[in-house]
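First up is the structure itself, then whatever we jot down about it.
Proteins get letters first, then strands, A, B, ... in listed order; numbering begins at 1 in each.
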There are 2 protein chains.
Amino acid sequence: MDFISHLSSNNIKPSVQRIKIFEYLYKNTNHPTVDIIYKDLVGDIPTLSKTTVYNTLKLFIDNGITSTFTIDGNEARYDAIMEEHAHFKCNDCGQLYDVEIEALKLKFSKLNDFQIDNTNIYLKGICNKCLTK
Amino acid sequence: MDFISHLSSNNIKPSVQRIKIFEYLYKNTNHPTVDIIYKDLVGDIPTLSKTTVYNTLKLFIDNGITSTFTIDGNEARYDAIMEEHAHFKCNDCGQLYDVEIEALKLKFSKLNDFQIDNTNIYLKGICNKCLTK
DNA sequence: CACTAAATTTGTAATGATTACAATTTTATA
DNA sequence: TATAAAATTGTAATCATTACAAATTTAGTG
């Protein structure tokens with residue numbers, strides 16, 4: 001994955017901050033929060049500001065290379081994997097898992113004449129690790 | 001629907017505030033926020049405090065007679081309809097719609113050994129009213 | 001290479017939802 | 001009625017996010 005040309009081809013001028021933040025998000029698929037991203041990158045980019053992380057993520061979202069979601073009303077989480085997938089949160093250990101959706105074409109009644117642009121699914125329960133411990 | 005006995009049978013002592021708040025939530029299926037609930041009820045209960053609305057909704061959730069969800073990281077929304085359903089938000093007019101899930105048993109890969117307690121689905125797009133105007 | 005304008009980054013202050021907490025009021029019980 | 005427990009309330013604190021203006025960097029031009 002060439003991050004610079006990925007940004008460029010999505011109309012984002014590749015500054016150091018933008019490259020590092022996108023690279024971080026792409027490699028850390030555990031859906032980090034702004035705070036986690038900031039704390040992990042400020043060692044690399046000592047002048048980094050949290051506002052820049054916010055601005056940059058908003059730019060990524062507006063240009064379609066990042067998505068964001070919220071679980072249980074907590075801080076926003078970010079995701080550079082744009083393929084449709086669901087999220088599972090373990091109520092015991094708190095871990096987030098990515099989940100492929102098999103029944104990709106869900107059917108919703110009364111929505112025949114609605115235009116669905118975005119499907120967002122998250123599940124909660126107990127993960128296999130916590131079940132067997 | 002007898003709200004008092006519904007509360008009682010779910011181990012919630014039916015105070016005036018609790019009855020009114022639950023009744024409001026049950027009758028207003030548009031998933032109001034704390035602020036909306038508070039502003040609509042403070043005329044009825046002049047001493048009502050917003051903290052009480054928060055406390056009461058938390059109590060309802062802990063006792064399983066209300067659910068809460070968040071869309072786009074905004075304020076929490078509340079729902080007294082506990083049957084499983086999805087939510088649709090129109091990106092144009094902002095209206096929230098309840099949606100029945102036809103394919104109720106979704107299949108998720110890699111989750112055979114996970115225990116799913118809760119399924120949360122919301123869709124975004126354009127509603128039929130906005131499409132035809 | 002300097003100069004200027006535009007874009008980007010940054011820090012601080014403001015906002016807004018939610019929670020903590022202690023005081024007050026109400027309810028239940030003896 | 002007196003007392004304890006529960007519920008409600010108001011205020012202050014917290015925390016994520018946004019607004020905004022200053023500072024820095026980048027790009028383009030002579």
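- Note: H6(A) and Y26(A) fail the aromatic proximity criterion, with ring centroids not under 6.0 Å apart.
- Between D92(B) and K133(B), at least one side-chain N (NZ, or NE/NH1/NH2) sits under 4.0 Å from a carboxylate O, which counts as a salt bridge.
- Ring-centre distance between F60(A) and Y78(A): not below the 6.0 Å cut-off.
- You'll find the ring centres of F114(B) and F88(A) inside the 6.0 Å limit.
- Under 4.0 Å is where a charged nitrogen must lie from a carboxylate oxygen, and between D72(B) and K89(B) at least one such pair does.
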For nucleotides 8-22 of chain C, give me one character per nucleotide, 5' to 3': B if any protein heavy atom sits under 4.0 Å from the base, S if the only such contacts are to the sugar-phosphate, - if neither. SSBBB----SBBB--
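- Atom CG of L57(A) is separated from atom P of dT18(D) by 11 Å (rounded to the nearest Å).
- If you measure from atom CG of L7(B) to atom P of dT27(C), you get 15 Å, rounded to the nearest angstrom.
- Rounded to whole Å, the distance from CG on L59(A) to C1' on dT18(D) is 16 Å.
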